[in-house]
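For reference, the structure discussed in these notes is given below.
Proteins get letters first, then strands, A, B, ... in listed order; numbering begins at 1 in each.
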Number of protein chains: 2
Amino acid sequence: MATEPTTARGRATRARILQAASELIFRNGVGAVRLDDVEAAAGVGRSQLYHYFTDRDDLVRAVVHATIDTVLAMQKPRYATLDSLLRIDEWFESIIANGIRPEGVGGCAIGLLAAQLSEHDHVTRQAFLDAFTRWEAPLIEGLSRMQQRGELAVGADVVELADLTMAAIQGGLLLAHVRRSPHQIRLALQGARAALLASTASSARPDDMSGASAGDLSP
Amino acid sequence: MATEPTTARGRATRARILQAASELIFRNGVGAVRLDDVEAAAGVGRSQLYHYFTDRDDLVRAVVHATIDTVLAMQKPRYATLDSLLRIDEWFESIIANGIRPEGVGGCAIGLLAAQLSEHDHVTRQAFLDAFTRWEAPLIEGLSRMQQRGELAVGADVVELADLTMAAIQGGLLLAHVRRSPHQIRLALQGARAALLASTASSARPDDMSGASAGDLSP
DNA sequence: GCAATTTTGTACTCAAAGATACAATCACGA
DNA sequence: TCGTGATTGTATCTTTGAGTACAAAATTGC
């Protein structure tokens with residue numbers, strides 16, 4: 001049975017295992033990572049793994065949760081204030097910057113995991129749902145505030161704008177990952193920006209279709 | 001060694017294996033699919049697998065190529081004429097429709113595979129690169145024609161607009177997959193549409209920043 | 001119809017990797 | 001210092017699933 005570490009050393013060991021497993025999984029994919037690899041990378045023995053995690057699946061689940069927390073924590077500082085186009089642009093910049101890592105370009109850790117594991121089990125799937133919801137919550141709130149201040153067209157659906165932005169982020173990071181080009185993220189975010197801009201109160205004109213309210217694509 | 005089937009029966013068997021493997025992989029992910037499962041689903045014996053494919057990796061590679069061909073072929077009919085907003089809208093509609101399958105909502109088969117395998121080996125990665133390039137080629141061409149006809153701002157970069165659109169498609173399908181909601185695809189494509197619209201000649205005004213040309217997000 | 005080739009069925013081998021056993025060592029509090 | 005529990009090292013067991021062997025059946029070409 002998995003034991004929660006009580007001492008500082010134990011916590012450090014558990015953290016090292018998690019760290020090593022996360023990196024390996026991010027690099028090579030969930031299926032390609034052997035427990036031996038994790039051991040070697042973390043500098044621990046087999047017994048440690050089974051001391052802190054019940055089995056391989058438990059470790060993977062822990063990696064998922066840790067990854068989600070890490071990624072969301074990285075966004076945190078920018079989060080409080082996404083209530084202006086300038087702040088949102090800054091946020092976008094941080095996402096672009098985070099997409100360029102020493103171990104490779106692009107690829108949202110959450111998105112990559114989600115693509116691999118969202119069908120795995122119900123609990124894990126729910127974790128991803130929560131992650132995306134938590135991720136976009138500050139944007140929804142910021143957009144709402146902009147709308148209240150009259151900086152966003154009253155007809156705009158802020159939730160839909162946020163969803164659309166999340167899709168752009170994920171798609172941009174995926175393409176950047178495959179193409180190994182951070183430029184893809186930038187372009188994708190430009191798309192989201194255009195959609196947001198189209199809902200900006202100042203540029204919302206009734207005579208064009210720039211408003212990104214739902215229905216444009218309805219059959 | 002893998003043998004190419006020469007008879008009709010052989011081709012049918014090989015096709016059945018490929019079909020079964022593709023569905024299982026799409027459903028459960030590459031790592032979770034055992035050869036036993038493929039056998040059972042395809043109704044063949046172990047010997048058939050190794051008659052038509054050298055090993056598991058060879059089968060997976062074949063699935064990748066077959067999936068790419070299938071997905072691109074589905075887009076083909078719409079491809080010839082993506083040179084107006086109307087045609088592009090129709091194209092979007094077909095993508096939304098394809099995202100709703102009996103076996104689950106959303107999830108571009110190519111995108112999901114790419115997330116799992118783009119790091120696997122160089123050849124497979126190249127296959128994904130080619131796939132995305134082939135996928136967006138008709139859009140680039142269509143947009144170019146629109147630009148030549150003056151329906152798109154002369155300053156717009158059609159390649160970037162196409163890249164941005166691809167990111168929206170992929171992100172939308174990924175979110176739709178996780179959230180099990182086809183609406184996510186629609187929203188994402190609305191975002192791409194807004195970006196395209198912003199570059200439409202008629203709505204391109206020098207006094208706003210709607211033009212999706214590069215540089216908006218540059219530091 | 002018959003030989004040659006292709007296709008298929010079943011049983012088996014074997015290595016890899018997950019999981020376990022258990023003793024040794026360490027760290028902290030009394 | 002001593003004892004207890006937490007932590008770690010090593011060796012071993014077990015299961016899974018990829019890959020192989022080989023013969024039977026079906027199909028094709030002559």
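- If you walk DNA chain D from 5' to 3' and mark each nucleotide with an atom closer than 4.0 Å to a heavy atom of chain B, the marks span dG17(D) to dT27(D).
- Distance check, rounded to the nearest 0.5 Å: OG of S22(B) to CD1 of I17(B) gives 11.5 Å.
- Counting only heavy atoms from C-beta outward, the side chains of L189(B) and W91(B) never approach each other to under 4.5 Å.
- Once rounded to the nearest 0.5 Å, the distance linking CE of M146(A) with CG of L152(A) reads 5.5 Å.
- Contact check for E119(B) versus H177(A): side-chain heavy atoms found under the 4.5 Å cut-off.
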Original post:
For L139(A) and I88(A), what are the C-alpha separation, side-chain angles and deciding distance, and is it a side-chain contact (heavy atoms from CB on, under 4.5 Å)?
Top reply: CA-CA 8 Å; L139(A) 181 59; I88(A) 292 175; 4.0 Å; yes
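- The two residues Y52(B) and G10(B) make their nearest non-hydrogen contact at OH-CA, 3.3 Å.
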**OP:** Starting at the 5' end of nucleotides 1-17 of chain C, put B wherever the base has a protein heavy atom under 4.0 Å, S where only the sugar-phosphate does, and a dash everywhere else.
**Re:** -----SBBBB------S
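- Comparing the axis of the opening five pairs of the helix from dG1(C)-dC30(D) to dA30(C)-dT1(D) with that of the closing five pairs yields an angle of 20°, rounded to 10°.
- In this structure, CZ in R87(A) is found 9.0 Å from CG in L82(A), a value given to the nearest 0.5 Å.
- Of the inter-residue distances, the one linking M166(A) atom CE with W135(A) atom CH2 reads 5.0 Å to the nearest 0.5 angstrom.
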**OP:** Check the pair R179(B), D163(A) against side-chain contact (heavy atoms from CB on, under 4.5 Å), reporting the backbone distance first and the verdict last.
**Re:** CA-CA 11 Å; R179(B) 289 191 163 152; D163(A) 281 355; 3.2 Å; yes
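- Within the 3.5 Å criterion, the main-chain N or O of V178(B) finds a donor-acceptor partner in the side chain of R125(A).
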